[in-house]
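So that the names make sense, note that chain A is the first sequence line, chain B the second, and so on, each numbered from 1.
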Protein chains: 2
Amino acid sequence: MGQGRNQYQIIRSALCEQIESGALPAGTKLPPERQLSESFGTTRVTLREALSSLEADGMVYREDRRGWFVSPERIVYDPTVNTNFHTMVKGQGRMPETRLISAALVPATTKIQKLLQLPPLTPVYRVQRLRLVDQRTVLYVENYINPEYFPGLLDQDLQQPLSDIYRTHYSTRYSKVNFRLYPVGIHDEAATHLKVTSGSSGLLVTRINHDKKKRLIDCDFEYWRQDAIVITAQARK
Amino acid sequence: MGQGRNQYQIIRSALCEQIESGALPAGTKLPPERQLSESFGTTRVTLREALSSLEADGMVYREDRRGWFVSPERIVYDPTVNTNFHTMVKGQGRMPETRLISAALVPATTKIQKLLQLPPLTPVYRVQRLRLVDQRTVLYVENYINPEYFPGLLDQDLQQPLSDIYRTHYSTRYSKVNFRLYPVGIHDEAATHLKVTSGSSGLLVTRINHDKKKRLIDCDFEYWRQDAIVITAQARK
DNA sequence: AAGTGGTCTAGACCACGGA
DNA sequence: CCGTGGTCTAGACCACTTA
């Protein structure tokens, strides 16, 4: 299983083995870096090389300045299913939570304009939120919403799922019309909140409402932690 | 655009800007690490931190012991489309190529057994290949094939698309039935060939043949370089 | 043979978390 | 306050590529 001849790969394998064997169960906090590096007879730099590579593979995660932890089971996310975060997470026996960072009317960037098919200089609602599973931040989402369809949206309680607000207050139901997976390229704002370097992946989802014209109402950028998500989908038949 | 206060983030931003502005066109070889680190008034370690983070975002790539390069435009890959690598790449005006690493009858691992719904101890064909775009390795694929449907497959010319072999020699056409995206977790064999640490993402595809029983004929594990692919797909309507 | 990236050492200071 | 992770320095040796 990839022993490798380099130190950091040997350390990687050793930690990997401990995790897969169950000796280090999910959620366990690893010993301090200085202690670990001494145990392996190396320096912190090399040890961190090994830990970073495990992080990129989603086997461990870090909490800023608190330490390294063994990753829990990944959430499975199927973007083709027309459900929401809370339903999906609860369905897998985990505890979902949403925290609002900000909600405001902002000028649409060129990119958002195109995505929502809006004329130039249109302001849009931007909602920035964090999503947690079992108390841990696993996702940063940025929603851009066409304000024409949702006047006064900012006065609503944005801690609840947007889909609930759309349905309850605007009688709007939607479908996800397409998604794009960016294997890379974490947004700066997301990086600030997720506090990860390589351990995240991006996803773009757009939605249309179910009226006759099927207009685009919303698009969002989702930045998931690598250790927190497995994306799965069925192909078109 | 994420200046950051740390050195490596400043360097990151600087390089990022140069690339996005077009001052460093796709394919450009960056100056040697020692020279770059001196230019930025820092050490190689810090410079490499910046480069690695750009690699994780797919903006640059490395060729083992040859240097760092600005990434070309990404290939767009839609896993729900029932096409193959060569068609897809040529359709985007790029030059595809396939190299066979090995093809053999091997004992199925437990995982493969389950995926192909085979009884225990069944041997399967394993085909390992590299795929290149414009001379550059961007993908490592491992195919596991149910030998019951393709007797003598190893005698075929495996440089050509498997789909062509299936159709020409076995009168079999297939659909992709599902795929899974692993945002992380590069396979060891793949790592050997792709020579990347964080710059890759995995994909699992299974296929069924078009006969009345629609049996699983094949599954493959694809490991893409992060800088080489954008995955996109349409949701179920 | 020279230059380069891949890896590693043995330290250091800072800012933040937790007691 | 101390211990921790986050960041950084100024070197080093090796294996490989390139000329």
Side-chain angles (χ1 to χ4, degrees), chain A residues 2-15 28-56 60-71 135-137 186 188 191-200 225, chain B residues 2-15 28-56 60-70 135-137 186 188 191-200:
Chain A
Q3 279 278 358
R5 66 180 68 77
N6 298 319
Q7 287 240 33
Y8 82 91
Q9 287 165 329
I10 294 169
I11 296 169
R12 208 196 113 91
S13 298
L15 289 172
T28 308
K29 184 179 189 306
L30 297 183
E33 291 181 358
R34 286 167 178 83
Q35 185 181 319
L36 270 179
S37 57
E38 201 181 354
S39 306
F40 285 110
T42 185
T43 58
R44 272 183 72 207
V45 177
T46 302
L47 177 83
R48 280 170 67 85
E49 178 83 15
L51 286 173
S52 297
S53 105
L54 287 173
E55 182 196 36
V60 303
Y61 67 93
R62 56 179 107 179
E63 290 187 24
D64 194 43
R65 286 162 212 279
R66 287 199 359 92
W68 295 86
F69 301 82
V70 177
S71 300
Q135 329 273 357
R136 188 165 81 87
T137 303
I186 191 157
D188 282 327
T192 304
H193 290 288
L194 287 181
K195 288 275 171 48
V196 285
T197 51
S198 57
S200 49
R225 298 192 55 137
Chain B
Q3 280 278 358
R5 66 181 68 78
N6 299 320
Q7 287 241 34
Y8 82 92
Q9 287 165 329
I10 294 169
I11 296 169
R12 206 196 114 91
S13 297
L15 289 172
T28 308
K29 184 180 190 305
L30 297 183
E33 292 180 356
R34 287 168 178 83
Q35 185 180 320
L36 270 179
S37 56
E38 201 182 352
S39 305
F40 285 111
T42 184
T43 58
R44 272 183 71 208
V45 178
T46 303
L47 177 83
R48 279 171 66 84
E49 177 85 15
L51 286 173
S52 298
S53 106
L54 287 173
E55 183 196 35
V60 302
Y61 66 94
R62 58 179 105 179
E63 290 187 24
D64 194 42
R65 285 163 211 279
R66 287 199 0 94
W68 295 86
F69 300 82
V70 178
Q135 328 274 356
R136 189 165 80 86
T137 304
I186 192 157
D188 283 327
T192 303
H193 290 288
L194 288 182
K195 287 278 172 44
V196 285
T197 51
S198 57
S200 49

With sequence neighbours excluded, tell me which residues meet side chain to side chain donor-acceptor pair (under 3.5 Å) with [X].
X	value
A:Q7	none
B:R65	none
A:R66	A:E63

Counting just side-chain N and O atoms, does [X] come under 4.0 Å of either OP1 or OP2 of [N]?
X	N	value
A:Y8	C:dT7	yes
B:R48	C:dG5	no
B:Q7	D:dT9	yes
B:T42	D:dC8	no
A:T46	C:dT9	yes

> Taking the six-membered ring of A:Y61 as reference, does the NZ or CZ atom of A:R136 fall below 6.0 Å from its centre and within a 45° cone about the axis?
Replying inline: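 Because its charged atom sits under 6.0 Å from the ring centre and within 45° of the axis, A:R136 does stack over A:Y61.
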How close or far is atom [atom2] of [N] from atom [atom1] of [X], stated in whole angstroms?
X	N	atom1	atom2	value
B:L47	C:dT7	CG	C1'	15 Å
B:E49	C:dT7	CD	P	15 Å
A:R62	C:dG17	CZ	P	15 Å
A:F40	C:dT9	CZ	P	13 Å

>> So, using ring-ring contact (aromatic ring centres under 6.0 Å, His included) as the criterion, who are the partners of B:F40 when residues are at least two apart?
In response: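 None.
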> In the 5'-to-3' direction, what one-character label does each nucleotide of nucleotides 12-19 of chain D receive under the scheme B = base within less than 4.0 Å of a protein heavy atom, S = sugar-phosphate only, - = no such atom?
Replying inline: BB-BSSS-
>> Both B:P32 and B:V45 contact DNA chain C. Taking the nearest nucleotide for each, which residue is further toward the 5' end?
In response: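 Comparing both residues, the 5'-ward one is B:P32.
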> Toward the 5' end of DNA chain C, which comes first, B:P31 or A:T43, by nearest nucleotide?
Replying inline: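 Here B:P31 is the residue nearer the 5' end.
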> Can you list the residues that meet the side-chain contact (heavy atoms from CB on, under 4.5 Å) rule with B:P32, with sequence neighbours excluded?
Replying inline: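 Listed in chain order: B:Q35.
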> Is it true that the side chains of A:E55 and A:W68 contain a donor and an acceptor less than 3.5 Å apart?
Replying inline: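 No, no side-chain donor-acceptor pair sits under 3.5 Å.
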